[in-house]
J.: 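I am attaching a structure below and will ask some questions about it afterwards.
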Amino acid sequence: MQGFNKYYPPDYDPDKHQSLNAYRGKHALGDRARKLDKGILITRFELPFNIWCGTCNNHIGMGVRYNAEKKKVGAYYSTPIYSFRCKCHLCDGWFEIQTDPKNTRYVVVSGARQKDEDWDPEENGGFAIHDTEGKAGPADPLAALEKTTEAQNHVAKVQIPRIEALQGVSDHYNNDPYTLSSMVRKRFRAEKKIEAQKRADDDTIKGKYGLPEELKLVEDDAEAKHQARDEWARARMDYETERNSKRPRLSISSSPGSQSRSTLDPVSSLKARILDNTRRSSTLATKRKPPDRKVLIK
């Protein structure tokens with residue numbers, strides 16, 4: 001693992017040397033700052049376009065990187081202008097490129113020649129990049145007067161009434177802000193009390209019937225009551241119909257020699273059957289012969 005600790009020699013004095021670079025007499029940027037006393041900093045520079053070297057007349061492609069000498073040569077308002085002086089890698093010649101903040105581009109100053117690769121849309125039947133409407137034709141004074149008259153009519157008939165209406169609305173709502181604010185706050189307090197009461201009533205109903213807390217109850221009005229009553233009546237009718245369809249039909253069996261009785265309701269039929277069974281049991285018990293006493297004694 002690479003160590004990141006620094007060695008401090010015995011004669012190092014932090015108050016005197018301030019840093020290890022000052023103790024060794026070196027700059028923090030190392031060899032890049034060897035010309036810093038002249039205002040030059042060695043930096044990595046990449047060519048922004050294709051050029052021809054002015055010394056060897058060789059082509060150098062866009063994107064080639066050099067260790068350039070960077071320095072400030074001026075300013076455009078508050079934006080500094082920097083110069084990059086590079087040495088050609090194909091010969092011993094030097095060329096210099098500067099920034100152009102006014103036109104947001106780079107400019108070759110000396111030692112090289114820029115390759116012209118700009119495409120002019122005007123030469124190819126188009127318009128200029130910043131002029132999408134093309135060249136305006138000769139000004140027509142009558143057309144200009146007509147546009148001016150239409151603009152004045154639009155201002156007088158549309159814009160001025162609109163501004164006056166907006167001003168009237170603004171005056172209406174800002175004439176007495178204290179009174180309007182009091183009315184709004186009073187209405188808000190009343191609605192807040194009603195909402196709190198409604199919430200308390202809903203919580204009471206939910207706690208009474210064990211309803212979930214996230215259930216939202218409808219407002220208790222005449223329409224809701226009428227709808228709930230109709231729904232309850234319909235459910236009750238469906239329940240009665242289903243129960244009557246599943247209810248067994250009990251009939252009382254008639255005794256021999258007697259006429260068949262009409263079908264009664266289930267409760268009366270059940271009572272009749274129980275009484276009939278009890279009567280039969282008692283009749284069988286009286287007809288049964290008692291056991292012989294001699295047999296019991298043996």
J.: Does the side chain of D238 come within less than 4.5 Å of E242's, by heavy atoms?
T.: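 No - every pair of side-chain heavy atoms lies 4.5 Å or more apart.
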
J.: Is there a donor-acceptor pair under 3.5 Å between the side chain of N153 and the backbone N or O of T149?
T.: yes

J.: Test ring pair (Phe, Tyr, Trp, His ring centres under 6.0 Å) on Y66 and F95; report intermediate values, then the result.
T.: CA-CA 11 Å; Y66 294 95; F95 59 88; 5.6 Å; yes

J.: Run the salt bridge (charged side-chain N to carboxylate O under 4.0 Å, His left out) check on R234 and D230 step by step: do they pass?
T.: CA-CA 6 Å; R234 186 183 61 80; D230 294 343; over 6 Å; no

J.: Can you tell me if S170 uses its side chain to pair, donor with acceptor, with the backbone of L166 under 3.5 Å?
T.: no

J.: Any donor and acceptor pair, going by atom type alone, linking the side chain of K206 with main-chain N or O of L215 inside 3.5 Å?
T.: yes

J.: Looking at SG of C88 and CG of N57, how far apart are the two atoms once the value is rounded to the nearest 0.5 Å?
T.: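 Rounded to the nearest 0.5 Å, the SG-CG separation comes to 10.5 Å.
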
J.: Within a reach of under 6.0 Å around CG of D92, are more than 12 heavy atoms found that belong to other residues, nucleotides or ligands?
T.: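 It does not: D92 CG has 12 such atoms or fewer within range.
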
J.: Would R65 and E46 satisfy salt bridge (charged side-chain N to carboxylate O under 4.0 Å, His left out), going step by step from the backbone distance to the final call?
T.: CA-CA 4 Å; R65 298 179 181 179; E46 181 177 340; 3.5 Å; yes

J.: Show your reasoning for whether side-chain contact (heavy atoms from CB on, under 4.5 Å) applies to N50 and H59.
T.: CA-CA 7 Å; N50 298 320; H59 178 268; 3.6 Å; yes

J.: Between the main-chain N or O of V184 and the side-chain N or O of R187, is there a donor-acceptor pair closer than 3.5 Å?
T.: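 Checking the backbone N and O of V184 against the side chain of R187, no donor-acceptor pair under 3.5 Å is found.
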
J.: Using 30° and 60° as the class limits, which term best fits the ring planes of F49 and Y106: parallel, tilted or perpendicular?
T.: perpendicular

J.: Output the distance between atom CD1 (I42) and atom CG (D31), rounded to the nearest 0.5 Å.
T.: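 With rounding to 0.5 Å, CD1 (I42) is 8.0 Å from CG (D31).
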
J.: Side chains of N244 and E240: donor-acceptor distance under 3.5 Å anywhere?
T.: no

J.: Got more than 12 heavy atoms from elsewhere within 6.0 Å of CD, E223?
T.: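 Atom CD in E223 is not crowded, with 12 or fewer foreign heavy atoms closer than 6.0 Å.
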
